[in-house]
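Data first, discussion second: the structure below is written as structure tokens.
Hydrogens, waters and symmetry mates are skipped; everything else that's a heavy atom, side chains included, is used. Counting convention: from 1, in listed order, for ligands and their atoms alike.
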Amino acid sequence: MTPDVLVVGAGPGGATAAAACARLGLRTLLLEEHPEVGTPTHCTGKLSVHAFARFGLPVALAQASLRAAALYAPDGTRAHVRRAALDSYVVDRHPFDRFLADRAAAAGAEVLTGARARSVAREGGRLRVEVDRRGGRLVVVTPLVIDAEGASPVLPAQLGVAPRRTLVHGLQYEMDGVRLEADDAPELYFGRDVAPGFFAWIMPTGPGRGRLGLAVDPRLTRRPPLYFLERLAAGHPVASRRVAGARVVRKLAGRIPILGLRRPTWTEGMLVVGDAAGQVKATSGGGIYFAMLAGELSAAAAARYLGGDPGALRAYESAWQAAFGREVRFTTIARQALNRLSDRHVSAIIRALATDADVRRAVEEHGDTQYQSRLLRPVLAAALRAGARDLTLAPTVAAALGAAMLSLWGDGAAPAGRA
Ligand SMILES: Cc1cc2nc3c(=O)[nH]c(=O)nc-3n(C[C@H](O)[C@H](O)[C@H](O)COP(=O)(O)OP(=O)(O)OC[C@H]3O[C@@H](n4cnc5c(N)ncnc54)[C@H](O)[C@@H]3O)c2cc1C
């Protein structure tokens, strides 16, 4: 098999890259290791309205629409924010990924399922990729691989694209019979005992249905996510009431790469996109939209590279940095800062959001969950004003700023003790 481009992994990054490559007239082969695209599913499926508009996604793929959020602090304080505009939709990744792969096939890409790329090597100016398929072996020789293997890629390291990131471990129960407070508002639960190094959530997926989940940073706890999820379902003062009597219909497990960009995200003959490149918001774990954007940018670079532009692969990295690199960097710093704050400080921040109209207005006006860095200036200004008004809050504002400054020099979370 000798395609112009081999795309490895039929998640949102790979399927978008394959569709765009095929539309650009490149002979494209898309490999997916599982027998069916989109399963097993690991993701919560929250996807911003920007992604739907940018990629012409049908709203019929959405299970729920989100405008609001309720945040629960470690000390039980509840803050509620509601945006005037629609913020996001929630999708089921099985039909969603299938839709994207079908779109790639319709554009002319060949989609091969049950095909796992296991090794890559340079051979006469091309790449030779060995693929396991149904007990046999395929060999693909190609000038260019777009690697979209997800959170635990194997091929880039074989060509010297070194990994540098932290994987947080996620687990979710998809449930029927959930007593949601509102169908358009996810609930987020914070606390070192709730979900060390991340947070827990209930994501509405329709009336009476939702995904109860969390992720934990294994550097901050030795306990598995199951321990925390069971505790959340059985013992959290709010979450346990929401899911009392609800039925688990599906379990979803997966890893999210945060706190570290895999740079560079290219080498001669290979571009890395999506989770494989660490293109994820480290605050929330969201990576679908960035994977799709990077997929599209990688296809444009592929066409130029195969057309004879030797600088096209390097230019891919500058292109995605320009498109959303700032969000990846900002959320990485924010996550490191959050991980340095104590539960007392996190509670004080959520209390300020609950009680200070100025802070809440800043979040509601600027709190587009896709572009969190846009929050920085208005929320910082509101927090400083709130700290000046309410002297009990001042130490928290100072601690948050100090944590953010420290994290600029740090290389990850500075745990204040294991959970
Ligand atoms: C618990 C959890 C909740 C999440 N919630 C959200 C959310 O609400 N919103 C959001 O935006 N993001 C969320 N994410 C992150 C999101 O799932 C990823 O950022 C996104 O799927 C990245 O897309 P991708 O195409 O890079 O990788 P993936 O979606 O992981 O796709 C990679 C594909 O490659 C295939 N593959 C891997 N290796 C090979 C190989 N060697 N050969 C062939 N095929 C291979 C895999 O089977 C898979 O289909 C969540 C993640 C987790 C774990």
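- Residue Lys46 has at least one nitrogen or oxygen atom sitting less than 3.5 Å from a nitrogen or oxygen atom of ligand 1, judged on distance alone.
- Residues forming a ring-ring contact (aromatic ring centres under 6.0 Å, His included) with Phe199 (at least two apart in sequence, or on another chain): Phe190, Trp201.
- The N/O atoms of Arg255, backbone and side chain alike, include none that comes under 3.5 Å of an N/O atom in ligand 1.
- Scanning all protein heavy atoms for the shortest distance to atom 12 (N) of ligand 1 gives Gly287 N, 3.1 Å.
- Glu32 and His34 form a side-chain donor-acceptor contact under 3.5 Å, judged by distance and modelled atom types alone.
- Residues Asp87 and Arg67 are not in side-chain contact: their nearest non-hydrogen atoms beyond the backbone lie 4.5 Å or more apart.
- Of the possible donor and acceptor atoms, none in the side chain of Thr265 sits under 3.5 Å from a partner among the backbone N and O of Glu317.
- Of the listed options Pro12, Pro153, Ala294, Pro12 places a heavy atom closest to atom 23 (O) of ligand 1.
- Using a 4.5 Å cut-off on side-chain heavy atoms (C-beta onward), Val194 and Tyr72 make no contact.
- Considering backbone and side-chain N/O atoms, Leu47 never comes within less than 3.5 Å of an N/O atom of ligand 1.
- For atom 50 (C) of ligand 1, the nearest non-hydrogen atom from the set Cys43, Ala291, Ser88, Ser119 comes from Cys43.
- Between the side chains of Glu327 and Tyr289, no donor-acceptor pair of N or O atoms lies under 3.5 Å.
- Inclusion of Thr44 in the set of residues having an N or O under 3.5 Å from an N or O of ligand 1 is warranted.
- Close approach of ligand 1 to Ala115 (heavy-atom distance below 4.0 Å) involves ligand atoms 42 (N), 43 (C).
- Ion pair Arg351/Asp356 not flagged as a salt bridge, since none of the NZ, NE, NH1 or NH2 atoms sits closer than 4.0 Å to an Asp/Glu carboxylate oxygen.
- Backbone and side-chain nitrogen or oxygen atoms of Gly13 are examined, and one is located within less than 3.5 angstrom of a nitrogen or oxygen of ligand 1.
- Each of Arg211, Arg247, Arg250 was evaluated against Asp176; a single residue qualifies, Arg247, per the salt bridge (charged side-chain N to carboxylate O under 4.0 Å, His left out) test.
- Here Gln172 has side-chain heavy atoms under 4.0 Å from ligand 1, and that is the only part of it that gets that close.
- By the 3.5 Å distance cut-off applied to N or O atoms, Ala151 is not counted among the residues near ligand 1.
- Put simply, the side chain of Phe55 reaches to within 4.5 Å of the side chain of Thr16, judged on heavy atoms.
- Ligand 1 has no nitrogen or oxygen under 3.5 angstrom from a nitrogen or oxygen of Asp97.
- Among the atoms of Asp275, some N or O lies under 3.5 angstrom from an N or O of ligand 1.
- When only interatomic distances are considered, the shortest N/O to N/O separation between Ile288 and ligand 1 falls below 3.5 Å.
- Residue-to-ligand polar distances keep Arg116 apart from ligand 1: every N/O pair is separated by 3.5 Å or more.
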